[in-house]
Amino acid sequence: MTTLVWLRDDLRVEDNPAMHAAGERGGPIAVLYVLDERSPGIRPLGGATKWWLHHSLASLAESIARLGGSLTVREGAAADIVPAVVAESGADTVYWNRRYGAARDTDAALKTQLRAAGLEVASFQSGLLFEPWTITTGEGTPFRVFTPFWRACLDRGVHRAPLPAPTSLAGPVLSSDELDLLPTRPDWAGGLRETWIPGEPAAHEALERFVSDRLEDYHLRDQPGIDVTSGLSPRLRFGELSPLQVWHRVEHGPLSGAARTNAAKFLSEVGWREFNWSILFHHPRLHEENYKREFDAFEWEPHSDQVEAWQKGRTGIPLVDAGMRELWHTGYMHNRVRMVTASLLVKNLLVDWRVGEQWFWDCLVDADEASNPGNWQWVAGSGADASPYFRIFNPLLQAEKFDPHGDYQRRWIPELGTPDYPQPIVDLASSRREALEHYEAVKAAR
């Protein structure tokens with residue numbers, strides 16, 4: 001009998017536990033992807049992630065075809081699509097890899113429904129090294145601070161090796177929907193095409209390139225003008241790579257001595273991703289609600305013109321503008337600059353962090369439902385293990401420290417230093433004082 005493998009953010013054939021289990025079971029395999037933006041708890045994708053998804057699905061379809069199978073793509077509510085494809089394919093078994101946000105309620109309901117209909121249904125760990133409910137404090141509660149969380153993860157250890165791809169994915173050929181994922185009027189994705197090649201093969205090349213060529217210089221990662229970061233975040237976001245594959249390559253693969261020195265710090269960044277997913281698991285409305293509910297009393301101020309200047313990289317503050325232009329052109333922004341740009345919006349302009357989070361959600365190719373809001377709440381001071389409310393990044397000092405020769409800023413702002421470059425839209429010193437007054441009010445109201 002046919003096994004149906006339902007894919008979500010796990011667009012790969014290697015180290016895909018659901019797909020591997022189907023291969024081990026034997027028999028025909030139907031592989032399904034559902035673009036579901038209708039089910040409860042599902043957040044519709046942003047423009048940049050839709051662009052990535054289009055190309056990642058195309059790459060995955062080629063990989064599945066090489067293994068003798070075909071990828072079925074449908075659009076609609078999973079509660080309707082999955083049972084329909086079960087009937088069309090004649091499947092008696094359904095496998096998928098687990099999700100950890102609010103969409104897990106859809107998965108639970110489907111599992112109950114399909115089992116009641118007599119099907120075998122199983123889900124697997126795939127997208128995280130550690131499932132959220134397995135890492136808790138001594139009192140059995142979720143961690144609120146990263147360092148003890150990651151220490152508990154390391155104490156638990158990573159024991160499974162990555163799984164090979166199935167030897168065959170042959171199965172029934174079913175009809176697919178045409179997904180409208182690419183921008184056309186206008187086509188704003190030229191910079192994304194210049195910067196990225198989505199898909200599992202390119203993801204493995206990116207991992208190897210980082211480990212072989214960049215990890216030895218990873219201690220310079222805070223300097224945006226030096227290309228030493230991994231660039232793996234969109235690969236992990238869509239599951240073209242599993243975190244286990246990344247972990248295994250760094251921990252057990254060949255490394256130079258300098259790269260080995262930086263390995264623990266890099267893996268802790270993988271750990272930060274795990275931490276954000278743990279937070280989301282326990283707070284599934286993370287992009288809408290303050291993790292620290294006392295911040296509900298914070299008085300944000302409307303600054304529509306200033307928000308637009310921030311979005312377009314026209315604030316007159318070079319490091320911020322360089323980052324926002326990099327974001328628009330490439331769908332990506334250096335992590336240090338992400339913190340600086342977010343800090344300016346939230347703390348100098350006093351704009352609600354949700355405004356910035358939504359902009360990043362639409363523009364970032366690596367925007368996921370855990371890290372994007374989790375990192376914005378970290379900057380705002382409202383999140384778990386958050387940056388203290390009084391930490392306000394000074395973008396001028398940050399530029400002096402991390403882009404001292406201005407290489408990054410000049411790359412993205414060719415008119416820097418000319419009359420075409422705008423004056424600053426905000427006074428950093430006075431706006432800092434105003435932000436601290438607002439945060440003190442929240443602190444006093446606790």
**OP:** Drop me the distance from Asp217's CG to Gln223's CD, to the nearest 0.5 angstrom.
**Re:** 10.5 Å
Subject >> Donor-acceptor contact below 3.5 Å, side chain Glu240 vs main chain Leu11 >> reply: no
Original post:
Looking at residues at least two apart in the chain, or sitting in another chain, which of them share a side chain to side chain contact (heavy atoms under 4.5 Å, CB included) with Ala18?
Top reply: Val5, Asn16, Tyr95, Asn97, Phe124
Original post:
Distance under 6.0 Å and angle within 45° of the ring axis: does Arg12 meet both against Phe238?
Top reply: no
Original post:
Would you say the side chain of Val340 lies within less than 4.5 Å of the side chain of Phe402, judging by non-hydrogen atoms?
Top reply: no
Original post:
Ignoring hydrogens and geometry, is there a side-chain-to-backbone donor-acceptor pair from Trp361 to Pro44 under 3.5 Å?
Top reply: yes
**OP:** Kindly say whether Pro40 contributes a backbone atom to a donor-acceptor pair with the side chain of Asp105 at under 3.5 angstrom?
**Re:** no
Original post:
Distance-only, no hydrogens or angles: does the His54 side chain make a donor-acceptor pair with backbone N or O of Lys50 under 3.5 Å?
Top reply: no
Subject >> Residues that Glu288 engages under side chain to side chain contact (heavy atoms under 4.5 Å, CB included), provided they are two or more places apart >> reply: Arg285
Original post:
According to the interplanar angle, ranging from 0 to 90°, do the rings of Phe281 and Trp133 count as parallel (below 30°), tilted (30 to 60°) or perpendicular (above 60°)?
Top reply: tilted
Original post:
Within 45 degrees of the axis of the six-membered ring of Phe143 and under 6.0 Å from its centre: does Arg151 put its NZ or CZ there?
Top reply: no
Subject >> Centroid-centroid distance, Trp272 to Phe146, less than 6.0 Å >> reply: yes
**OP:** Show your reasoning for whether side-chain contact (heavy atoms from CB on, under 4.5 Å) applies to Gln125 and Arg160.
**Re:** CA-CA 11 Å; Gln125 179 182 352; Arg160 179 173 75 79; over 6 Å; no
Original post:
With sequence neighbours left out, what residues match Asp177 under salt bridge (charged side-chain N to carboxylate O under 4.0 Å, His left out)?
Top reply: none
**OP:** For Asp407 and Gly225, indicate whether the former's side chain and the latter's backbone hold a donor-acceptor pair under 3.5 Å.
**Re:** no
Original post:
In Å, rounded to the nearest 0.5 Å, how long is the span from CG of Leu45 to CG of Leu35?
Top reply: 6.5 Å
Subject >> Any side-chain heavy-atom pair of Phe275 and Phe130 under 4.5 Å >> reply: no
Original post:
Could you go step by step and tell me if Arg273 and Leu236 meet the side-chain contact (heavy atoms from CB on, under 4.5 Å) rule?
Top reply: CA-CA 10 Å; Arg273 175 181 180 271; Leu236 290 166; 3.9 Å; yes
Original post:
Between Asn394 (side chain) and Leu396 (backbone), is there a donor-acceptor pair under 3.5 Å?
Top reply: yes
Subject >> Neighbour count above 12 (heavy atom, 6.0 Å) for Arg144 CZ >> reply: no
Subject >> Asn262 side-chain N/O to Glu216 backbone N/O, donor-acceptor pair under 3.5 Å >> reply: yes
Original post:
Do Asn335 and Met339 have side chains that get closer than 4.5 Å, going by heavy atoms?
Top reply: yes
**OP:** Could you list all the side chain to side chain donor-acceptor pair (under 3.5 Å) pairs where at least one residue sits in residues 69-79, not counting sequence neighbours?
**Re:** Arg74-Glu88, Arg74-Ser175
Original post:
Below 6.0 angstrom between ring centroids: does that apply to His55 and Trp196?
Top reply: no
**OP:** Kindly indicate, with the supporting measurements, whether the criterion side-chain contact (heavy atoms from CB on, under 4.5 Å) is fulfilled by Arg249 and Phe210.
**Re:** CA-CA 11 Å; Arg249 174 61 184 88; Phe210 168 67; over 6 Å; no
Subject >> Contact list for residues 38-47, test salt bridge (charged side-chain N to carboxylate O under 4.0 Å, His left out), sequence neighbours left out >> reply: Arg43-Glu357
**OP:** Decide side-chain contact (heavy atoms from CB on, under 4.5 Å) for Arg325 and Met333; before the verdict, give the C-alpha distance in whole Å, the side-chain angles of both, and the deciding distance to 0.1 Å.
**Re:** CA-CA 9 Å; Arg325 296 186 193 191; Met333 191 192 301; over 6 Å; no
Subject >> Which residues share a side chain to side chain contact (heavy atoms under 4.5 Å, CB included) with Ala370, sequence neighbours left out >> reply: Asn276, Trp277, Leu280, Asp368
Subject >> Test salt bridge (charged side-chain N to carboxylate O under 4.0 Å, His left out) applied to Asp296 - qualifying residues, sequence neighbours left out >> reply: Arg293
Original post:
From Leu349 CG over to Trp300 CH2, what is the distance, rounded to the nearest 0.5 angstrom?
Top reply: 11.0 Å
Subject >> Atom CG of Leu154 with >12 non-hydrogen neighbours under 6.0 angstrom >> reply: yes
**OP:** Taking atom types as modelled, find out whether Glu208 and Ser212 have a side-chain donor-acceptor pair closer than 3.5 angstrom.
**Re:** yes
Subject >> Qualifying residues under salt bridge (charged side-chain N to carboxylate O under 4.0 Å, His left out), relative to Arg432, sequence neighbours excluded >> reply: none
Subject >> With sequence neighbours excluded, residues passing side-chain hydrogen bond (donor to acceptor under 3.5 Å, both in side chains) with Asp227 >> reply: Arg214
Original post:
Under 4.0 Å between a Lys/Arg side-chain N and an Asp/Glu carboxylate O for Glu269 and Lys265?
Top reply: yes
Original post:
How long is the gap from CD on Glu326 to NE2 on His334, to the nearest 0.5 Å?
Top reply: 8.5 Å
Subject >> Pair Asp15-Gln245, side-chain donor/acceptor within less than 3.5 Å >> reply: no
Subject >> Under 3.5 Å donor-acceptor, Gln306 side chain and Ile425 backbone >> reply: yes
Original post:
Does one side chain, of Tyr100 or Glu131, offer a donor that lies under 3.5 Å from an acceptor on the other?
Top reply: yes
Original post:
Listed by chain and number, what are the side chain to side chain contact (heavy atoms under 4.5 Å, CB included) partners of Asp107, not counting sequence neighbours?
Top reply: Trp6, Arg8, Trp96, Arg99
Original post:
What distance separates Arg411 CZ from His329 NE2, expressed to the nearest 0.5 Å?
Top reply: 8.0 Å
Original post:
Do Asp321 and Tyr421 come close enough that some side-chain heavy atom pair is under 4.5 Å?
Top reply: yes
**OP:** Inspect the surroundings of CD in Glu178 and state if more than 12 heavy atoms from other residues, nucleotides or ligands are less than 6.0 Å away.
**Re:** no
**OP:** Please list, chain by chain and in numerical order, all residues satisfying salt bridge (charged side-chain N to carboxylate O under 4.0 Å, His left out) with Asp9, sequence neighbours excluded.
**Re:** Arg237
Subject >> Aromatic plane relationship, His283 with Tyr291 - under 30° parallel, 30 to 60° tilted, over 60° perpendicular >> reply: perpendicular
Original post:
Hey, does the side chain of Asp10 reach the backbone of Gly239 with a donor-acceptor pair shorter than 3.5 angstrom?
Top reply: no
Original post:
Do the side-chain N and O atoms of Ser63 and Arg66 include a donor-acceptor pair separated by under 3.5 angstrom?
Top reply: yes
Original post:
Which pairs with one or both residues in residues 339-349 pass side chain to side chain donor-acceptor pair (under 3.5 Å), sequence neighbours excluded?
Top reply: Asn348-Ser431
**OP:** May I ask you to decide if the ring planes of Trp378 and Phe393 are parallel, tilted or perpendicular, using 30° and 60° as cut-offs?
**Re:** tilted
Original post:
Atom CH2 in Trp247, atom CG in Leu129: separation rounded to 0.5 Å?
Top reply: 6.5 Å
Subject >> Minimum heavy-atom distance between Leu232 and Ala203, given as atom pair plus value >> reply: CD2-O, 4.5 Å
Subject >> Side-chain donor/acceptor of Arg221 to backbone N/O of Tyr218, under 3.5 Å >> reply: yes
